[in-house]
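Here's the structure, in structure tokens; my notes come after.
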Amino acid sequence: MKLSKKVYLGVGVLAAAVVAGLMLSSAGTEVETVEARSGGIIRTVEDTGYVQASTDYSLYAAQGGRVIKVAVEAGQPVKQGQTLAMLENLDLAVQANDARTQLANARAAEAGAQAALERTRLELNDAKENLARMSELLAAGAATQAE
């Protein structure tokens, strides 16, 4: 039995050698390779949440009215002096229209007064010329003192 043990042992070693040889001789799995180079890494993260301003201001209007236009959106940065909203106040609109009408009337009255002043100047010049003519006629004896 010694011989059969040796045969079995020899066959086992030979089989192990064949398996090891096959494993070492196979090329393995092919993989894709890429050359390393420098560059930027872009990574984005999306998340939802609630953003709240660090400062909050209350706005007050000097006059009451209806909001007709909002020039900015919530969260938009604003600058000092920038118009944020436009109000419509019908009472102020009526007052402004009355003031415009009064201004137009005053301009018309001014134009009438200018015309009357010019007419008076013309009458004054005509009266001066008439006085000068009558003075010459009186000096020549062609007119009476009453004329």
Side-chain angles (χ1 to χ4, degrees), residues 8-147:
Y8 288 123
L9 183 62
V11 171
V13 171
L14 182 63
V18 169
V19 170
L22 286 175
M23 287 179 72
L24 291 176
S25 68
S26 69
T29 307
E30 275 192 42
V31 294
E32 182 181 342
T33 60
V34 178
E35 183 179 330
R37 60 181 170 214
S38 63
I41 297 175
I42 300 173
R43 188 173 287 193
T44 61
V45 176
E46 285 188 33
D47 197 5
T48 57
Y50 180 73
V51 177
Q52 186 173 0
S54 61
T55 55
D56 192 17
Y57 296 99
S58 298
L59 301 176
Y60 300 99
Q63 297 285 329
R66 182 174 64 108
V67 176
I68 58 173
K69 180 180 178 185
V70 177
V72 295
E73 294 183 18
Q76 180 180 354
V78 295
K79 296 178 183 170
Q80 184 175 354
Q82 181 180 351
T83 300
L84 303 179
M86 294 179 70
L87 301 177
E88 177 184 53
N89 186 329
L90 296 179
D91 292 337
L92 288 178
V94 168
Q95 289 176 4
N97 195 27
D98 287 347
R100 284 188 200 99
T101 302
Q102 290 175 357
L103 180 61
N105 289 341
R107 286 182 177 156
E110 177 192 19
Q114 288 289 343
L117 178 63
E118 188 61 31
R119 183 176 46 101
T120 303
R121 283 186 183 142
L122 290 174
E123 287 175 354
L124 178 62
N125 285 341
D126 188 40
K128 285 180 181 178
E129 289 174 5
N130 194 18
L131 175 64
R133 214 178 12 254
M134 283 301 200
S135 294
E136 287 179 20
L137 288 175
L138 180 62
T144 65
Q145 183 71 29
E147 288 177 326

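Counting from 1, the numbers follow the sequence of the chain as shown.
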Handout entry: Contacts of N130 that satisfy side-chain contact (heavy atoms from CB on, under 4.5 Å) - sequence neighbours left out
Key = R133, M134

Enumerate, atom names and distances included, each donor-acceptor pair closer than 3.5 Å involving a side-chain atom of residues 108-129, sequence neighbours excluded.
| unit_1 | atom_1 | unit_2 | atom_2 | d |
| --- | --- | --- | --- | --- |
| T120 | OG1 | A116 | O | 2.9 |

List the atom pairs, with distances to 0.1 Å, where a side-chain N or O of residues 38-48 and a protein N or O form a donor-acceptor pair under 3.5 Å, not counting sequence neighbours.
none

Practice task
Only pairs at least two apart or in different chains count here, so list each side chain to side chain donor-acceptor pair (under 3.5 Å) that has a residue in residues 72-99.
Solution key: R66-E88

Problem - L84 side, atom CG; M86 side, atom CE - distance, nearest 0.5 Å - result: 12.0 Å

